[in-house]
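These notes concern the structure reproduced below.
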Amino acid sequence: MLFEPFRIKMTEPIRILSREERERKIREAHYNLFLLKAEDVMIDLLTDSGTGSMSANQWAAIMVGDESYAGATSFYKFEEVVKKITGLKYILPTHQGRAAERILFGLVAKKGMVIPSNTHFDTTRALIEYNGATALDLVIDEGKKPSLRHPFKGNMDLNKLEEAIKKFGKENIPLCMLTITNNSGGGQPVSMENIRETKRLLSRYNIPLFIDACRFAENAYFIKKREKGYENKSILEIAQEIFSYADGCTMSAKKDGLVNIGGFLALNDENLANQAKNMLILTEGFPTYGGLAGRDLEALAVGLTEVLDESYLAYRIGQVEYLGNRLIEKGIPIIEPTGGHAVYIDAGSFLSHIKPENYPAQALSVELYREGGIRSVEIGSVMFGKREESGRFKPATLELVRLAIPRRVYTMSHMDYIAEVAGKLKDRVSSIKGYRITYEAPHLRHFTAHFEPIE
Ligand code: P70
């Protein structure tokens, strides 16, 4: 029997809004859940990024943060933990993941270049494209079929990767990424074998491997549970092996760093590290704080250690699986098996009467708010779809609604409530209508777009 392996010492109230209030709030937010005020949300599953609870030990560490501009003690504690886990040589703190990505891609992603990944998440794809390069998603075919069960649906398709290297030429591929776990594809893990083989293939062409490491501990837990030969290894040992195949990594520590803000870029190449350090100074801050306060680095050093605890990970992955199972029982199609940080509802199949260009996953996420005050996020054609120059609509690969579970925040009874709300939608699914976009920004439009329902 699974239970939360912690006691709760501090609580935050949840404001209960009536259905009429929710209807008004979502209309005023132009049907974009990002534009709601958090106080108007009852269960907030928008993201697991920066929304977790810190432990008593992390709060205690905050008090000893060294706020020196240069050479702060807190930096060296942080650096030691990151080096222990990753084995990488040069560690640059950043205020969050995309700052590390901006620095890295600003240096290597030139016009005409191609950067393959199992699947790029929104900010990595956007930053690569912003720098004039092309982002390629090469996840295995099993990873694109929501109901197909496979233990490592985040794996890179090695045949497609080799074809891409031959097609574009190794000189045009400055690096290859692996996103662990694969966020756009359902929080699905990548196997150790696949990481090792990806590295082996890239080595033949002298292409460096970078890991987008946001959820590395959750990925390591799946390897321990599902991959032969790892059952008796510790999470730290598994993480160390994962990073042993990497030439560098970007990390949004707002996920498996168990902190509310923070990130880093870690590299082995001295020349690249020097250039990155100069950019860090130019745009984030001095290399011993990089856009963070000393206390943030303290909390992160503790968080990166706590996240390796197996009883924490068993609860974490178990809670997500529990919610997934409740939804399956109610006949709601989700990506199976459940991944590490979220349950992904297959809105394309659940709302099959709404065409991709009318954003079925957006429609479902609005409906979850109307029905139960739940905020989720669309990962479908709003986030990844495009109108091509010809005017043709190019949909995303999948139309998903992600219910991301913040770390150490909600209990199992919150999970039951979420499943109950989703179950109510099942009964009136055909009455749910599609949307059209009335305003959009040139990059990452999902954050600020306005919508209107199609009557
Ligand atoms: C999420 C957030 C951030 C992220 C990521 C991967 C695999 C890099 C980053 C960037 C973003 C988000 C999405 C929807 C709603 C709110 C927030 N992912 N790589 O929730 O990191 O945000 O620190 O710059 O998942 O998945 P950062």
Side-chain angles (χ1 to χ4, degrees), residues 29 32-36 38 41 44-52 92-105 115 117-130 135 137 139 143 154 177-190 210-219 248-266 283-284 290-292 296 300 303 320 339-344 361-362 365 369 374-380 382-384 396 400-407 409 443-449:
N32 183 342
L33 294 128
F34 281 101
L35 304 180
L36 285 171
V41 174
D44 204 346
L45 310 180
L46 181 71
T47 176
D48 62 320
S49 180
T51 52
L92 310 181
T94 58
H95 79 276
Q96 63 183 83
R98 74 196 70 177
E101 293 160 13
R102 174 175 50 75
I103 292 172
L104 177 66
F105 297 134
I115 300 185
S117 172
N118 48 348
T119 318
H120 292 284
F121 198 58
D122 60 348
T123 54
T124 46
R125 168 169 286 277
L127 280 160
I128 289 167
E129 291 173 352
Y130 181 76
D137 293 340
V139 74
M177 292 206 96
L178 272 177
T179 310
I180 63 170
T181 57
N182 184 22
N183 191 5
S184 320
Q188 299 291 325
V190 181
F210 273 64
I211 292 185
D212 180 340
C214 307
R215 300 177 180 91
F216 75 96
E218 290 167 6
N219 200 96
C249 78
T250 55
M251 169 93 184
S252 169
K254 299 169 75 173
K255 285 87 169 172
D256 274 352
L258 299 180
V259 288
N260 303 116
I261 196 74
F264 57 84
L265 172 63
T283 60
E284 286 277 292
L292 292 169
D296 298 328
L300 180 48
V320 171
H341 64 294
V343 175
Y344 293 66
Q362 183 67 21
S365 64
Y369 177 75
I374 297 168
R375 173 154 71 172
S376 54
V377 77
E378 195 263 14
I379 299 194
V382 177
M383 194 181 273
F384 291 117
L400 304 170
V401 168
R402 185 185 72 174
L403 307 171
I405 312 298
R407 293 169 181 78
V409 171
H443 306 287
L444 296 168
R445 66 174 177 181
H446 46 289
F447 288 116
T448 52

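Just so it is clear, the values below take in all heavy atoms, side chains as well, and ignore hydrogens, waters and symmetry mates. Numbering of ligands and ligand atoms starts at 1, following listing order.
Remark: ligand 1 atoms within the under-4.0 Å shell around heavy atoms of Ser252 are 21 (O), 23 (O), 27 (P). Within ligand 1, the atoms closer than 4.0 Å to a non-hydrogen atom of Thr179 are 7 (C), numbered from 1 in the order shown. Under a 4.0 Å criterion applied to the non-hydrogen atoms of Lys254, ligand 1 contributes the atoms 23 (O). Close contacts of ligand 1 with Phe34, meaning ligand atoms under 4.0 Å from a residue heavy atom, involve 14 (C), 15 (C), 16 (C). Taking a cut-off of under 4.0 Å to the non-hydrogen atoms of Thr123, the atoms of ligand 1 that pass are 8 (C), 9 (C), 10 (C). The distance from ligand 1 to the heavy atoms of Cys214 drops below 4.0 Å at these ligand atoms: 5 (C), 6 (C), 7 (C), 8 (C), 19 (N). Numbered from 1 in the order shown, with element, the atoms of ligand 1 that lie under 4.0 Å from a heavy atom of Gly97 read 21 (O), 23 (O), 24 (O), 27 (P). Atoms of ligand 1 lying under 4.0 Å from any heavy atom of Leu46, numbered from 1 in the order shown and given with element: 15 (C).
In terms of protein heavy-atom proximity, atom 25 (O) of ligand 1 is closest to Asn183 ND2, 2.8 Å. Scanning the protein for heavy atoms near atom 2 (C) of ligand 1, the closest one is Lys255 NZ, 3.5 Å. Among protein heavy atoms, atom 11 (C) of ligand 1 sits closest to Phe121 CE2, 3.8 Å. Scanning the protein for heavy atoms near atom 27 (P) of ligand 1, the closest one is Gln96 NE2, 3.3 Å.
In plain terms, the two heavy atoms of Phe264 and Cys249 that are nearest each other are CE1-SG, 3.8 Å.
Side-chain atoms of Gln188 do not come within 3.5 Å of backbone N or O of Gly143 as any donor-acceptor pair. Without hydrogens or angle criteria, Asn260 side chain to Gly52 main chain gives a donor-acceptor distance under 3.5 Å. Judged purely by atom type and a 3.5 angstrom limit, Asn219 uses its side chain to pair as donor or acceptor with the backbone of Val190. Gln96 places no side-chain N or O within 3.5 Å of a backbone atom of Ala253 that could act as its donor or acceptor partner. Put simply, the side chain of Arg445 gets close to the backbone of Val382: a donor and an acceptor are under 3.5 Å apart.
Here the shortest heavy-atom distance to atom 12 (C) of ligand 1, taken over Val377, Leu45, Thr47, belongs to Thr47.
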- Item | Step-by-step salt bridge (Lys or Arg N to Asp or Glu O under 4.0 Å) determination, Arg125 to Glu101 | CA-CA 10 Å; Arg125 168 169 286 277; Glu101 293 160 13; over 6 Å; no
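When non-hydrogen atoms are compared, ligand 1 lies under 4.0 Å from the side chain of Glu101 (C-beta onward) but not from its backbone. Contacts between Arg98 and ligand 1, counted as non-hydrogen atom pairs separated by less than 4.0 Å, involve both the backbone and the side chain. Residue contacts with ligand 1 for Arg402 involve side-chain atoms from C-beta outward but no N, CA, C or O (heavy atoms, distance under 4.0 Å).
Ion pairing of Arg215 with Asp256 is absent here, as no side-chain N (NZ or NE/NH1/NH2) approaches a carboxylate O to less than 4.0 Å. Salt-bridge annotation for Arg407 and Asp48: present, with a side-chain N of the basic residue lying under 4.0 Å from a carboxylate O of the acidic one.
Side-chain polar atoms of Arg98 and Thr124 form no donor-acceptor pair below 3.5 angstrom.
Here the rule is side chain to side chain contact (heavy atoms under 4.5 Å, CB included) with Leu45, and of Ile405, Thr51, Val343 only Ile405 fits it.
Under a 4.0 angstrom heavy-atom cut-off, His341 registers as lying outside contact with ligand 1.
At least one N or O atom of Asp212, backbone or side chain, sits closer than 3.5 Å to an N or O atom of ligand 1.
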